[in-house]
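Read through the structure below, which is laid out as structure tokens, and then see the notes.
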2 protein chains.
Amino acid sequence: MMGGERAPRRRRRPEEAERAILAAARSFLAERPFREMTVEGVMARTGLSRPAFYAYFGDRYELVTRLLEGIGGLLLAVDWRWLSGDSAGGREAASAVLADALRGGSETFLEYGPVLRAISDAAVQDPRVEEVYRYGLIERLTRVVADRISRDVEAGLSPPDLDPEETAQALVLMTERYLLDAFGRPSDPPSFERTEAVFGALETIWVRTLYG
Amino acid sequence: MMGGERAPRRRRRPEEAERAILAAARSFLAERPFREMTVEGVMARTGLSRPAFYAYFGDRYELVTRLLEGIGGLLLAVDWRWLSGDSAGGREAASAVLADALRGGSETFLEYGPVLRAISDAAVQDPRVEEVYRYGLIERLTRVVADRISRDVEAGLSPPDLDPEETAQALVLMTERYLLDAFGRPSDPPSFERTEAVFGALETIWVRTLYG
DNA sequence: TCGCTTTATTGACACTGTGTCAATAGACAC
DNA sequence: GTGTCTATTGACACAGTGTCAATAAAGCGA
């Protein structure tokens with residue numbers, strides 16, 4: 001046997017190692033779905049051993065939760081423009097700003113699709129991720145949208161028979177699912193045409209429902 | 001020690017055992033989410049041992065796929081009324097039939113919610129379930145809806161700028177997600193009011209989008 | 001009723017992936 | 001250089017899966 005040289009142990013700053021693991025996870029999820037992501041598979045991309053993972057994260061669900069942290073705020077921030085605007089300016093103005101917010105949200109999905117898809121997949125398998133994703137992000141978005149719809153109904157911009165809470169929930173869930181479906185698949189970047197078609201369909205449904 | 005009497009082995013017809021396992025799975029899913037469903041947990045409700053499971057099903061994903069079999073056809077059948085109707089009779093008629101189809105679909109979800117939720121959860125974890133659910137059921141529904149929208153656009157019932165394929169996908173995904181969210185939670189039967197509100201929100205969005 | 005055949009059923013095993021911990025060995029301070 | 005700190009890991013225990021040869025219940029023919 002000639003082998004036997006073991007790879008020399010390297011030692012990094014904890015923060016650096018943690019960043020390396022997060023990056024490895026992102027890189028993994030850009031290629032393979034969450035269901036195939038094992039701790040071993042991620043750590044293979046870092047040069048560290050599997051047990052080292054547990055020095056930084058409790059398990060793969062915590063890892064994926066950490067990946068969400070930056071992105072969640074981004075989504076909320078983008079949509080905030082329409083969401084928190086007042087109802088002055090009429091339907092035209094509201095539609096335009098809504099379209100803008102939707103495009104912003106879509107672009108976030110386009111950029112972070114695989115990670116968001118991973119979070120959404122993980123939410124089904126782990127109660128803590130479900131908490132953070134569904135109740136932390138989605139439900140919060142829904143509440144804000146419901147508020148906005150409420151104001152638009154009172155201002156006469158939207159029809160009075162609209163149930164703000166339920167309508168908001170349906171629209172937000174639609175947007176989440178549809179964007180995940182369109183932009184959340186690992187490694188098949190959607191064409192420009194598809195992107196526009198997706199955005200157009202979302203805009204049509206939202207605008208016709210609220211200001212149609 | 002006094003113990004030691006082993007439970008007497010019982011022997012059933014294969015078909016009976018298989019039905020017992022399917023029933024045990026349904027009963028399990030009425031109480032607990034799919035992520036907690038282990039082969040052991042299901043077989044404990046049948047009086048059979050864990051290995052017996054593998055005489056009837058390849059794994060728990062195959063089990064859950066079998067649970068879908070009857071229900072999937074039901075969903076397609078209910079929606080078929082609106083879906084396959086012609087575009088004569090104007091928007092009023094089309095809206096009414098659509099509302100009817102939606103109510104039918106909602107009622108199916110109301111009855112089989114936990115099982116459907118389990119399938120949808122399992123689809124995230126297993127490629128074969130994903131195939132059956134997403135591409136077999138959801139996509140098939142989407143295609144039929146897209147056809148109907150296409151005809152309505154040509155007949156002048158729906159606006160010409162509607163993209164039938166994309167709109168259908170968004171609407172079907174919305175309906176699936178929203179109904180799962182409302183009626184798919186194990187063991188919390190929704191109130192009559194909630195049921196009506198959910199149905200109303202769906203009807204509003206579909207009708208305003210297509211015939212608004 | 002008895003013995004024989006069929007096959008439903010299971011105990012025991014191997015395997016994969018998880019999470020833990022005591023022991024090891026780089027990196028930095030002095 | 002020497003010593004301390006702590007990042008890193010080999011080895012372990014565990015949960016759940018899927019398999020298979022051995023077992024025994026049911027049905028059948030006499």
Side-chain angles (χ1 to χ4, degrees), chain A residues 3-25 28-29 32-66 118 121-122 124-129, chain B residues 1 3-25 28-29 32-67 118 121-122 124-129:
Chain A
E5 3 351 1
R6 46 183 65 247
R9 229 190 233 196
R10 242 193 78 218
R11 196 182 160 141
R12 323 178 199 202
R13 293 264 182 68
E15 201 200 65
E16 188 195 343
E18 190 170 310
R19 266 205 316 273
I21 296 174
L22 286 166
F28 187 102
L29 291 173
R32 318 286 316 159
F34 178 75
R35 63 168 163 259
E36 294 177 15
M37 182 176 116
T38 65
V39 173
E40 165 115 36
V42 170
M43 294 309 282
R45 295 175 185 234
T46 65
L48 288 173
S49 70
R50 190 178 63 76
F53 174 86
Y54 295 97
Y56 302 99
F57 304 93
D59 55 24
R60 64 189 192 130
Y61 302 108
E62 193 184 316
L63 171 62
V64 101
T65 301
R66 295 282 306 280
D121 287 357
V124 158
Q125 297 177 54
D126 185 271
R128 293 161 303 157
V129 180
Chain B
M1 309 266 213
E5 2 353 2
R6 46 182 65 247
R9 228 189 233 196
R10 245 195 72 217
R11 196 182 161 144
R12 323 178 199 202
R13 292 265 181 67
E15 201 200 65
E16 187 196 341
E18 189 170 312
R19 266 206 316 273
I21 297 175
L22 286 166
F28 187 102
L29 291 173
R32 318 284 318 157
F34 177 75
R35 63 168 162 257
E36 294 177 16
M37 182 176 116
T38 65
V39 173
E40 165 116 37
V42 170
M43 295 308 282
R45 295 174 185 236
T46 64
L48 288 173
S49 71
R50 190 178 63 77
F53 174 86
Y54 295 98
Y56 303 99
F57 303 93
D59 56 23
R60 65 189 191 129
Y61 301 108
E62 193 184 317
L63 171 62
V64 102
T65 301
R66 294 283 305 281
L67 285 178
D121 287 357
V124 157
Q125 297 176 54
D126 185 272
R128 292 161 304 156
V129 180

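Chain identifiers are assigned alphabetically (A, B, ...) following the order of the sequence lines, protein sequences preceding nucleic acid strands; residue numbering begins at 1 within each chain.
The CZ atom of A:Arg50 sits 11 Å away from the C1' atom of D:dC12 (whole-angstrom rounding). For the pair B:Tyr56 OH and C:dT7 P, the interatomic distance rounds to 12 Å; values are reported in whole Å. Between the CZ atom of A:Arg12 and the C1' atom of C:dA25 there is a distance of 16 Å, rounded to whole Å. Put simply, CZ on B:Phe34 is 13 Å from C1' on D:dG16, counting in whole angstrom units. Here the C1' atom of nucleotide D:dA26 and the CZ atom of B:Arg13 are 10 Å apart, to the nearest Å. To the nearest angstrom, P of D:dG18 lies 8 Å from OH of B:Tyr61. Computed from coordinates, the A:Arg11 CZ to C:dC28 P distance equals 9 Å when rounded to whole Å. Atom CE in A:Met43 sits roughly 16 Å away from atom P in C:dG17 (whole-Å rounding).
Counting any heavy atom pair closer than 4.0 Å across all strands shown, A:Phe57 reaches no nucleic acid atom. Looking at heavy-atom distances under 4.0 Å, A:Phe53 makes no contact with the nucleic acid at all.
Of the two residues contacting DNA chain C, namely B:Pro14 and A:Glu40, the nearest-nucleotide position lying further toward the 5' end is that of B:Pro14.
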Revision key, fill the gap. Writing each nucleotide of DNA chain D 5' to 3' as (, ), [, ], | or . by Watson-Crick or G-U pairing under 3.5 Å yields ||||||||||||||||||||||||||||||
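In this structure, A:Arg60 forms no cation-pi arrangement with A:Phe53, as its terminal cationic atom is not both closer than 6.0 Å to the ring centre and no more than 45° off the ring axis.
Taking each heavy atom of A:Arg50 and A:Met43 in turn, the nearest pair found is CA-CG, 4.0 Å. Between A:Val124 and B:Arg35, the shortest heavy-atom contact is O-NH1, 3.0 Å. Across all their heavy atoms, B:Gly41 and B:Phe28 have their closest contact at O-CD1, 4.1 Å. Considering every non-hydrogen atom in both A:Ala20 and A:Thr46, the closest pair reads O-CG2, 3.9 Å.
In terms of the salt bridge (charged side-chain N to carboxylate O under 4.0 Å, His left out) criterion, residue partners of B:Arg66 (sequence neighbours excluded) are, by chain and number, B:Glu18, B:Glu69. Residues that satisfy the ring-ring contact (aromatic ring centres under 6.0 Å, His included) test with B:Tyr56, not counting sequence neighbours, are absent from this structure.
Distances shorter than 4.0 Å separate none of the side-chain N or O atoms of B:Tyr54 from OP1 or OP2 on D:dT19.
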